[in-house]
2 protein chains.
Amino acid sequence: MAAKSEQTRQLVADVALKMFREIGFEKTTMRAIAQEAGVSVGNAYYYFASKDELVQELYIQVQDEHAVVAAQALEGVQDLAGRLKAVLHTGVDVMAPYHQFGSDFIATAIRPSSPVNPFGAASTAAREASLAIFRSAVEGSPPAVAKKLRGDLPELLWLAYMGVALFWVYDQSEGQRRTRKLIDGAAPLVARGLSLAKIPGVSKVFDDVLGLVRNVKEDS
Amino acid sequence: MAAKSEQTRQLVADVALKMFREIGFEKTTMRAIAQEAGVSVGNAYYYFASKDELVQELYIQVQDEHAVVAAQALEGVQDLAGRLKAVLHTGVDVMAPYHQFGSDFIATAIRPSSPVNPFGAASTAAREASLAIFRSAVEGSPPAVAKKLRGDLPELLWLAYMGVALFWVYDQSEGQRRTRKLIDGAAPLVARGLSLAKIPGVSKVFDDVLGLVRNVKEDS
DNA sequence: ACTCATTCTTGAACACGTTCAAAAAATTTC
DNA sequence: GAAATTTTTTGAACGTGTTCAAGAATGAGT
């Protein structure tokens with residue numbers, strides 16, 4: 001088994017993530033990581049082709065943790081608003097230790113070329129995992145959501161989650177209180193807004209929105 | 001008159017923007033700008049404290065142009081959907097020459113510390129100018145929009161515009177066709193969606209959305 | 001045990017954005 | 001106009017992410 005190799009890789013990743021948390025992204029230089037881990041700079045690059053890939057490591061880890069705690073928080077919660085709250089709040093929870101570093105993360109993640117870009121090909125797995133959380137949030141709430149919406153809803157909610165994450169990055173209130181408030185306010189509103197889809201006049205607009213989303217998504 | 005000094009400043013800015021357009025952001029190094037402009041690197045830094053500030057220069061210029069062409073495109077258009085389309089399409093028009101460079105721009109702009117961050121203090125003037133465009137788009141369309149929405153609508157539309165810009169950055173279809181399609185589809189939908197505010201059951205949800213926006217915006 | 005190939009590790013080197021002490025040029029003061 | 005002051009300009013230097021040729025360690029086959 002490639003024990004030694006994997007060990008070095010983990011060591012570098014662990015040291016890097018620890019330093020990200022403790023002193024931030026920019027101050028965590030590749031040289032500092034290497035020194036702290038007791039390896040050469042080039043060796044760190046043997047395992048991670050760029051500093052961005054270390055961010056990807058963080059991204060995956062945070063995502064995994066989110067899946068666990070979200071599943072836990074969803075237990076016993078039935079209504080869509082509550083389930084949405086659970087998923088969003090736990091999402092913010094797992095990101096919390098990295099808040100000061102959030103803006104650098106977003107700046108890294110937002111470039112199409114980045115392995116961490118949430119829309120990109122390189123993070124398909126992570127995105128799927130995240131989408132799955134929202135799918136389970138939607139599927140667990142029995143009647144509230146109109147049939148035709150069920151299919152696209154998880155993806156739309158995930159997109160909204162990206163928006164919340166962006167808001168969170170800019171949120172300088174202590175403990176990111178404002179983000180919490182946004183979640184608490186927006187989740188019931190989304191649920192109520194969706195229930196409006198039953199009103200005839202509104203239903204048509206919903207249809208068109210979904211049509212547009214599908215249309216734009218499939219390029220053509 | 002500080003002719004000489006201003007001349008150097010303009011020269012550096014012009015060369016930089018030209019290179020941004022022609023070879024992209026990353027390949028346009030400060031050394032290359034200086035060389036092309038016939039000044040020293042340090043001299044470029046005398047006028048622009050960072051490469052980001054050169055991006056800010058671009059941002060302001062694009063914004064100014066948007067104000068001009070949008071005002072032109074709004075002439076004679078009455079309905080909200082049409083006016084929204086006009087503003088959004090012209091917005092994409094003025095950004096077009098910089099599309100390949102868009103992702104770098106966004107990555108720069110998104111960090112809270114950046115002078116170009118659209119939400120930040122350093123770009124208040126530019127944001128106000130952009131907001132004014134949306135304000136005039138809303139105010140020019142007579143009856144369609146409910147009173148209570150008028151006040152906040154420009155800001156919300158501006159926010160949506162930021163979303164469109166983000167979409168545009170990722171849009172790799174030729175000529176950013178998909179973004180055009182998104183605008184054409186979304187503008188009428190927004191207008192129709194807003195007209196739903198008259199329906200009693202819907203109106204309540206709209207009120208709550210506005211309440212949430214205001215609540216979250218004012219921190220507290 | 002001895003080759004040979006593969007995997008892992010090293011540290012010097014590169015180009016980049018940025019800084020800064022010092023020089024040059026322009027301007028103001030007398 | 002000379003001296004003093006301010007504005008502008010220079011280029012070497014720093015620390016950064018990243019690359020790469022070269023060497024060391026490991027493992028496979030005989």
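First the proteins, then the strands, lettered A, B, ... as listed; each starts at 1.
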Would you say A/R135's side chain and A/P154's backbone share a donor-acceptor pair under 3.5 angstrom? no
Rounded to whole Å, please give me the gap between CD in A/Q35 and P in C/dG11. 12 Å
Nearest whole Å is fine: how far is C/dC8 P from A/L11 CG? 15 Å
Taken to the nearest whole Å, CG/A/L54 to C1'/D/dT18 is 13 Å
With distance as the sole criterion, is a donor-acceptor pair present between the side chains of B/D184 and B/H89 under 3.5 Å? yes
When all nucleic acid strands are considered with a 4.0 Å heavy-atom cut-off, which category describes B/F48: base, sugar-phosphate, or nothing? nothing
According to side chain to side chain donor-acceptor pair (under 3.5 Å), does anything in residues 105-130 of chain B pair up with another residue at least two apart or in another chain? List the pairs. A/D104-B/R111, A/Y170-B/N117, B/S130-B/W158
Protein within reach of the bases, or only the backbone? For nucleotides 15-21 of chain C, mark each nucleotide 5' to 3' as B, S or -, using heavy atoms under 4.0 Å. -BBBBB-
Are B/K51 and B/F25 in a cation-pi setup, meaning NZ or CZ lies under 6.0 angstrom from the ring centre and within 45 degrees of the ring axis? yes
Would you say a side-chain N or O of A/Y47 is under 4.0 Å from OP1 or OP2 of C/dT9? yes
Looking at B/R180 and B/D93, is any side-chain nitrogen of the basic one under 4.0 Å from a carboxylate oxygen of the acidic one? yes
D/dT9, OP1 or OP2 - any side-chain N/O from B/T8 closer than 4.0 Å? yes
Can you list everything that forms a salt bridge (charged side-chain N to carboxylate O under 4.0 Å, His left out) with B/E155? Sequence neighbours excluded, please. B/K217
Rounded to whole Å, CD of A/E53 lies from C1' of D/dT18 at a distance of 13 Å
